[in-house]
Number of protein chains: 2
Amino acid sequence: MTKITLKHLRYFEAVALHRHFGHAAEACAISQPALSVQIKELEQILQTTLFERGARNTSLTGFGTEFAPRARAILQGVDELQDMARASKQGIVGRLRIGIIPTIAPYLLPDIITKLMRTNPDIDIQVRETLTSHLINELADGRIDAAIVALPVSEPAFTEVALFDEKFVLVRPEADRAKPTPDRARLTEMKLLLLEEGHCFRDQALSFCATQSDKAREGLDASSLSTLVQMVGAGIGVTLIPEMAVAVETQSARVAVSSFPEPQPTRTVGMIWRKTNPLSTKLLGIADLIRPA
Amino acid sequence: MTKITLKHLRYFEAVALHRHFGHAAEACAISQPALSVQIKELEQILQTTLFERGARNTSLTGFGTEFAPRARAILQGVDELQDMARASKQGIVGRLRIGIIPTIAPYLLPDIITKLMRTNPDIDIQVRETLTSHLINELADGRIDAAIVALPVSEPAFTEVALFDEKFVLVRPEADRAKPTPDRARLTEMKLLLLEEGHCFRDQALSFCATQSDKAREGLDASSLSTLVQMVGAGIGVTLIPEMAVAVETQSARVAVSSFPEPQPTRTVGMIWRKTNPLSTKLLGIADLIRPA
DNA sequence: TTTTTGTCATAGGTTTAAATTATTAATCTG
DNA sequence: CAGATTAATAATTTAAACCTATGACAAAAA
């Protein structure tokens, strides 16, 4: 049992339009017999007559009349598929599904979006903000196209591109402003507030603090840098935040911010994507665009 | 330049569903290379990548994700075409576009529709009421499937089937009830009211009246039998109407109805359709159904 | 009527497209 | 590194679609 093909529908449409097999065949750039055979086959598939062949004129049957607009709609749908493909190629990508970790997103995203929109007015940007481990899964599954995270990720399936390094700064209560900046050794003596488990920034901060440590830290983990800073402002302890977050987060809090002496704590922020992603080269371009330097 | 085919879309859908070329190929009952080639061709046509082939898993690209629902919609539309064809075949015809002349329609239509609906609950009946000449044109053009008119029509392209004969009766003012029924010769002396030009019934009535005649008849033509009877009731003249119309039209008028002595005037009502109409045999069945005897 | 014309269907042979099997290439997994 | 998994490529076969030529039929013209 053969199936309906678009060829059948295209030929049908031509005959319906011209009401003449010969003219329709010409319009389709094929011979009249070829068209006749195809129409006949379509009628056989449908088990119905579509055209009434008179000796001197051809017309649609009742069923053919109902059939025509649907056939036309299908053909139009197919044309639209092609248009869609063409449209999606102008500009860098068309749609970009990008993931960013929470300790970067609020500070970098406005800038990224602005830059992408400027160079690429029709782009459709979809952002996903969650923990690195989730982003890695979603990237692997093809649910997002790229992710901006702290490097290294060391997944062999991913390409990693560094975007920039960022320093961590110390946030203390306003009252501590005059005190000297502690080095990493002295930090262990202070009450250090951290993000919840799962945030890479938590681990990065901890690793700087020379604490081997999870030493009796009661449940004071915060779910965002913003909360962390507010807690510091309330005098509960001190914390580290990325330099990039300073402007936004310490605006309205009664806290003192200070840089560490060398060796300063840092992390590398980068972009990752599947090596197999066909957009690879374009993603490289996007990385260049985002990179501030 | 090759074009998109439904095969492309069917294969695409399978791969999108299974996210695995081998399994998709199995689902399509073809070999994996055949499917790979077709998908590749589709991607070439669209000038875009639809799938991201990893070494161990396959996923849709961003564009593929947008492409999928449209492809699915098209395939569904095609399936519906087939359903439509199947549905249209149950019952006698599915849709019947029928034309009837005005001097028959009001009296016969209710009966016809009742009968058709009873034997054929899902039928879609479309009625066109106009003059014979118009019906013939519309029939020839395929705009209607059949027509009920007075025979003969004598179009070689049409099949004619007689339905029944109907007599014409004389309608006189109530005051004339006691007078003897005039024969056709005496009719010429009376003021005979007729339908407008174009109605076949006008010609049929005239031809009975032995008038060779269009003799100075002022513009008193009516546009319906109903009007004609009302005019008679008002004492303007006399008229002929088909027997079938008596019950409906003389109900509320102050007129006297009488049959003619032999030879009585009659006409044959019949059904016509294009010989080339594929529904021919079914239309014969419908004629049998309509025929009162 | 007979002939001619217009129009679609059928037939046989050729070309093009699609499928098959077999093989290769690449990349994970153990 | 060896074995397994998965998709791509190659060569060949099979099937579909098309073309030219011809036939059938009905309408129009002679």
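So you know, we letter chains A, B, ... as the sequences are listed, proteins then strands, and number each from 1. Hydrogens, waters and symmetry mates are skipped; everything else that's a heavy atom, side chains included, is used.
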Does the A/D145 side chain pair with the main chain of A/R97, one donor and one acceptor, at a distance under 3.5 Å? yes
Kindly indicate whether the side chain of [X], heavy atoms from C-beta on, has any atom under 4.5 Å from the side chain of [Y].
{"X": "B/I136", "Y": "B/E155", "value": "yes"}
{"X": "B/R19", "Y": "B/L60", "value": "yes"}
{"X": "A/R53", "Y": "A/I39", "value": "yes"}

Counting the atoms with a prime plus P, OP1 and OP2 as sugar-phosphate, which does [X] contact under 4.0 Å by heavy atoms, base, sugar-phosphate, or nothing?
{"X": "A/A34", "answer": "sugar-phosphate"}
{"X": "B/T2", "answer": "nothing"}
{"X": "A/Q32", "answer": "base"}

Name the residue closer to the 5' end of DNA chain D, choosing between B/G22 and A/H8 according to the nucleotide with the nearest heavy atom. B/G22
Between A/Y11 and A/R56, which residue's closest nucleotide on DNA chain D lies nearer the 5′ terminus? A/Y11
Does a nitrogen or oxygen in the side chain of [X] sit under 4.0 Å from OP1 or OP2 of [N]?
{"X": "A/H23", "N": "C/dT7", "value": "no"}
{"X": "B/R53", "N": "D/dA8", "value": "yes"}
{"X": "A/K7", "N": "D/dA16", "value": "no"}
{"X": "B/S36", "N": "D/dA8", "value": "yes"}

Would you please say whether a donor-acceptor pair under 3.5 Å links the side chains of B/T266 and B/D165? no
So, B/Q204 and B/R267: side-chain donor and acceptor under 3.5 Å apart, yes or no? yes
Taking atom CD as the centre, does A/E26 end up with more than 12 heavy-atom neighbours from other residues, nucleotides or ligands that are less than 6.0 angstrom away? no
Rounded to whole Å, how long is the line connecting atom NE2 of B/H18 with atom P of D/dA7? 12 Å
Could you check how far CG of B/L6 sits from P of D/dA17, rounded to whole Å? 12 Å
Assert: residue with more 5' nearest nucleotide on DNA chain C, out of B/E41 and A/A157, is B/E41
If you assign each of A/A55 and A/V37 to its closest nucleotide in DNA chain C, which residue comes earlier from the 5' end? A/A55
Heteroatom pairs (N/O) under 3.5 angstrom, protein to nucleotides 10-12 of chain D:
none

Taking the side chain of B/K40 as heavy atoms from C-beta outward, which of D/dA7, D/dT9, D/dC18 is closest to it? D/dT9
